[in-house]
Each structure stands twice: as C-alpha cells, then as structure tokens.
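Quick caveat, the model's predicted, so the values are computed rather than measured. Order of appearance sets the numbers: ligands from 1, and atoms from 1 within every ligand.
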Amino acid sequence: MKFTITTPIYYVNDKPHVGHAYATIVADTFARYHRLIGDDVFFLTGTDENSQKNVEAARAAGKTNIQAYLDTQSAVWKETWKQLDISFDDFIRTTEDRHKKGVIDFFNLVREKGDIYKGTYKGLYCKGCEAFVRESDLVNGLCQFHKKTPEVIEEENYFFRCSKYRDQLLSYIEDNPDFVQPVSRRNEIINYIRDHFEDVSISREKSEWGIPLPIDSTHVMYVWFDALINYLTGIGFGWDEKLFDRYWPADVHIVGKDIIKFHCALWPAMLLSAGLPLPKRIFAHGFFTIDGERIGKSMGNAIDPLEIAQIHGLDVLRYFLLREIPFGGDGDFSFARLELRYASDLAKGIGNFVSRVLSLAEKISYSYEKNLGEHEKEAQEACKSAHAQWKQGFEAYALHDCLDAAWDLIRHGDQFIDRTKPWSLITNEKTNAIQIIGILVELVQQVSVLVYPFMPHTAEQIWERLGIKNTQIIGEHSIIGSWRSFKISHIQRGSPLFPLTR
Ligand code: MSP
C-alpha cells in the first residue's frame with residue numbers, strides 16, 4: 001500500500017526549536033512504521049519562504065538579498081532534519097520553480113471554476129499567523145498565539161470564493177469521521193466552518209515578496225494559499241504527473257493545532273474548487289510548552305533540538321518527545337522530566353532488559369535453539385498481543401498506545417527472567433536454561449521491532465548485536481510480528497544502550 005505523509009512547511013525566519021522537531025519527528029515515526037511494514041512511503045517536508053515575516057527577518061539581519069537569505073535559512077532547516085536523521089523523501093521550498101509553476105497551474109484551475117473575484121477587505125491582520133483574525137479570537141486585544149496586536153488592513157485584493165464549498169465541506173466532514181482528528185479538533189472545525197468560514201482574500205497588493213498573481217502582477221499570492229499547495233507540488237503536481245498520481249491524495253497531513261483552520265477548511269475548499277481529491281486525514285497534534293509558555297524566539301525560550309540530541313542522544317530526544325505527551329494533547333518540556341524518563345524507561349527499562357538477556361546469551365554462547373520448551377506459548381501470546389496493540393495504535397494515530405505495547409512486552413520479559421532465574425539453571429539444568437534464554441532472545445528481537453519507528457538507532461544497535469541486518473527486517477511484511485523469523489546465534493552483548501552514568 002502507498003502511504004503519503006507530510007509535515008507543515010516551516011517559516012525560515014528562525015531556526016528549528018524543539019516544538020518544530022516534535023512535529024517532524026512525529027511524521028518521521030509514522031513514515032518509518034509504514035516503511036517497516038512494507039508500504040510504499042512518501043514523506044514530504046520543506047520550508048515556507050514567501051512569508052512577509054521571512055522578509056522582515058532578512059531585513060533585521062541586515063540582508064538585502066532576500067533570496068540568498070532564504071537559501072541560507074532553508075539549508076539550516078534541511079540540515080537540522082538531516083542531523084536528526086529525519087527520513088524525508090523530498091524537501092520542498094516554496095521559492096523553487098517547480099513549486100511556483102504548480103501554484104500557477106492550481107490558481108488557474110480555481111479561476112477557471114469562477115472562484116476568484118476582486119473585492120475590498122478590511123480587517124485585523126496578525127503577521128505571526130499570516131492571517132486575518134477575528135476580534136473575538138483576540139485575548140486582551142492580542143493574538144492568542146503570538147501575543148501581538150494585529151494591524152488594521154484595508155486593501156482591494158482578489159478573493160477565493162470558498163464559502164461556496166461550505167455545505168459540501170461540512171457534509172464531507174460529517175460523513176468522514178477520520179478526516180479531521182482528534183475528535184476535539186473535528187468539533188472545533190465544524191463550528192468554525194458553519195459559523196465563520198467566509199471568502200478569503202488570497203492576494204496582497206504592493207507586497208515585495210511572493211508569487212505574482214498570473215492575472216495581476218501588482219499583486220502577490222497570499223502566503224497560505226501558496227504554501228498549502230506545497231503538498232501537491234512536493235509530490236509532482238505540475239512537474240511529474242506519474243509521481244503525483246502515485247502519491248496523491250496524502251494519507252495524512254500532520255499539523256499543529258494552531259493551523260487547523262487553514263488545513264481543514266481553506267485547503268479542502270481549495271482542492272474541491274480545483275477538482276482534486278482531498279487528503280485522507282489531517283491530524284492535529286498538541287503543543288510543547290516551557291513552563292506553560294509557547295516556545296518561540298519571541299518568547300526567548302527556544303530550545304535547539306540538535307543540542308539535546310548531542311547531549312542526550314537522538315533516540316533519547318525522540319523517545320522523550322513522543323512519550324511525554326499523549327499524541328494529540330499538550331505537554332511541558334522539562335529537562336528534569338527528560339532525565340527521569342531516561343533513567344526509568346530507557347536505562348532501567350529497555351536498556352537493562354536488553355543487557356540482561358544478551359549477557360545471559362553471551363555467557364552460554366547461545367546458538368539457535370529449535371525447541372523452546374514449556375514457556376514458549378506464553379511468550380508467543382504476549383508478543384502477539386503487544387504487536388496487535390502496536391499496530392492498532394499506529395492505525396488509530398495513538399502513538400502512546402504503541403509505546404505502551406512495547407514497554408508492556410519489556411516488563412513481561414523482565415518478569416519472566418525474575419520468575420525463571422535462568423542464571424541459576426546454567427550449571428545443572430542447561431537445557432532448561434537454553435530454552436528460557438532462547439525465549440528471551442526472541443523477546444528482545446520482538447521489542448526491537450516495536451521500538452524501531454520511535455527509536456530507529458536503538459533498534460539497529462539491537463539488530464547488530466543479534467546479527468540481523470536492517471534489510472532483513474525493514475519492509476519485510478511477513479516478518480513483522482511473526483514469531484521466530486530469525487535463527488539468531490552468535491550474540492554480542494555490547495555496551496549498555498543507555499548507561500546510567502553519563
Ligand atoms: N508555515 C506555516 C505552515 C504552512 S503548512 C502549509 C507555519 N509554520 S511554523 O514554522 O510557524 O510552524 C510549523 C509547525 O510547527 C506548526 O504545525 C506548528 O504547530 C508547529 N509548532 C510550532 N511550535 C510548536 C510547539 N511548541 N509544539 C508543537 N508544535 C509546534 O505555521
């Protein structure tokens with residue numbers, strides 16, 4: 001099956017912080033899961049470069065060549081994702097020709113539909129959101145997300161007649177419960193579309209940066225109208241029809257809860273107008289805060305994910321972000337919590353379990369044992385149910401359930417060791433000891449598969465110690481979740497995966 005997943009494209013007026021890394025790591029986790037089970041995956045990310053705030057950031061940095069500034073900044077984002085080992089298949093920039101061409105093609109489809117008209121708009125504009133905001137959305141006169149006073153703007157510009165699609169969109173959302181998730185966001189969107197979804201101004205006059213409107217070069221395209229189209233241009237729209245047909249519609253757009261109106265109302269209306277299929281799902285995740293405050297440059301509390309990865313390790317960062325908040329909810333980032341999770345879940349959890357098993361295996365020079373004796377059935381059942389919960393968690397976008405499944409299996413393994421005490425059997429009951437250790441080795445292998453999408457390097461380190469190659473597992477549909485697919489021998493215990501003294 002094909003699986004297309006996207007992240008939002010990021011503004012480049014700043015470098016990535018841990019909140020952005022969270023969004024991207026979430027998408028990477030899904031992409032890795034789907035590759036693992038043999039799907040044909042396309043994972044798209046990129047940068048949103050035609051925003052006025054990028055231009056202002058260039059100015060503030062004393063740069064006169066805006067494009068050169070964007071090139072440098074976009075490279076910082078791409079490089080950060082590479083260093084975080086994000087497995088994206090393409091990285092789209094909205095200043096690329098392939099994007100600009102697709103945007104013009106798309107605009108023409110909407111215009112031919114009769115959905116573009118000229119009008120005057122007066123309203124409050126928040127530069128942080130790059131959007132007009134309603135008075136009722138302000139908190140003490142300030143944008144609730146950016147804590148800034150919006151400007152009053154009155155302009156003649158071009159409008160997209162999205163209100164025409166209001167009813168169609170509402171029935172689509174009603175009929176397709178998975179389209180907007182989680183359910184709390186779905187309700188929010190239904191109310192928004194029903195009560196507030198009006199035609200959107202999609203051009204700005206006298207703006208010095210952006211994609212010129214094909215019908216009026218004195219206007220540039222509204223940055224959200226342009227940016228949303230990246231989901232098409234990033235997979236071939238306007239430049240590779242075959243690729244586009246293979247990967248569109250997207251299976252899921254991963255977005256933050258602050259940008260759902262654009263993704264769940266404006267974007268589908270644009271697609272309906274252009275006559276293109278809608279994405280299958282839009283999943284809105286929550287926010288990481290620091291001491292309850294939104295993370296951001298303007299807040300002065302941005303944490304660099306690369307620093308955390310360098311100090312604590314890439315998989316520790318991934319695990320912490322994915323474990324700390326139930327997927328879809330909010331949470332606070334704290335180094336104390338990270339240390340706590342490191343010690344309890346990683347060092348004393350998976351790390352200790354793997355060490356215990358592999359040192360036992362090394363001690364008896366474990367070599368593949370066919371007959372695993374009386375305890376095999378029980379262990380096999382535990383793996384089966386952990387695998388089912390893990391798979392169901394991914395299908396239901398409940399990442400925390402997947403992690404619970406993996407850690408339940410680790411606990412099962414630990415309790416099995418405590419109960420059977422294999423070390424005490426090595427001398428006098430060797431056969432029994434070998435069978436128990438054989439079961440434990442299999443449990444380690446099964447755990448490694450469950451953690452792979454979340455902690456790919458940890459899984460790979462375990463595979464190496466078990467003498468299994470990545471290519472023997474990733475994409476091998478029949479192996480994932482099946483019992484004893486590998487004849488494991490020659491185990492190397494290696495050093496602790498998560499040492500307690502660092
Ligand atoms: N450029 C737009 C998206 C256009 S998509 C067609 C944008 N960019 S952004 O850089 O401001 O934000 C990108 C994503 O990062 C958003 O989904 C946003 O929710 C997410 N996050 C930014 N800060 C975050 C946290 N503190 N926590 C979790 N996600 C956060 O919006």
Looking at K257, I'd like to know if its NZ atom is crowded, meaning that more than 12 non-hydrogen atoms belonging to other residues, nucleotides or ligands lie closer than 6.0 Å. yes
Show me a pair-per-line table, with atom names and distances to 0.1 Å, of protein N or O atoms that are under 3.5 Å from an N or O of ligand 1.
residue: ligand 1; atom: 1 (N); partner: I9; partner atom: O; Å: 2.8
residue: ligand 1; atom: 1 (N); partner: D48; partner atom: OD2; Å: 2.7
residue: ligand 1; atom: 10 (O); partner: Y11; partner atom: N; Å: 3.3
residue: ligand 1; atom: 17 (O); partner: G256; partner atom: N; Å: 2.9
residue: ligand 1; atom: 19 (O); partner: D258; partner atom: OD1; Å: 2.6
residue: ligand 1; atom: 26 (N); partner: F288; partner atom: O; Å: 2.9
residue: ligand 1; atom: 27 (N); partner: F288; partner atom: N; Å: 3.0
residue: ligand 1; atom: 29 (N); partner: G19; partner atom: O; Å: 3.4

Other residues, nucleotides, ligands: >12 heavy atoms within 6.0 Å of N140 CG: no
Sole candidate of N50, D226, T94 that passes side-chain hydrogen bond (donor to acceptor under 3.5 Å, both in side chains) when paired with H99: D226
Angle class for the W390/Y33 ring planes (parallel below 30°, perpendicular above 60°, tilted otherwise)? perpendicular
Can you give each donor-acceptor pair under 3.5 Å made by side-chain atoms of residues 269-284, sequence neighbours left out, with the distance rounded to 0.1 Å?
residue: S273; atom: OG; partner: D115; partner atom: OD2; Å: 2.6
residue: K280; atom: NZ; partner: D251; partner atom: OD2; Å: 3.2
residue: R281; atom: NH1; partner: Q181; partner atom: OE1; Å: 3.1

For A406 versus V447, what's the shortest heavy-atom pair and its separation? O-CG2, 4.5 Å
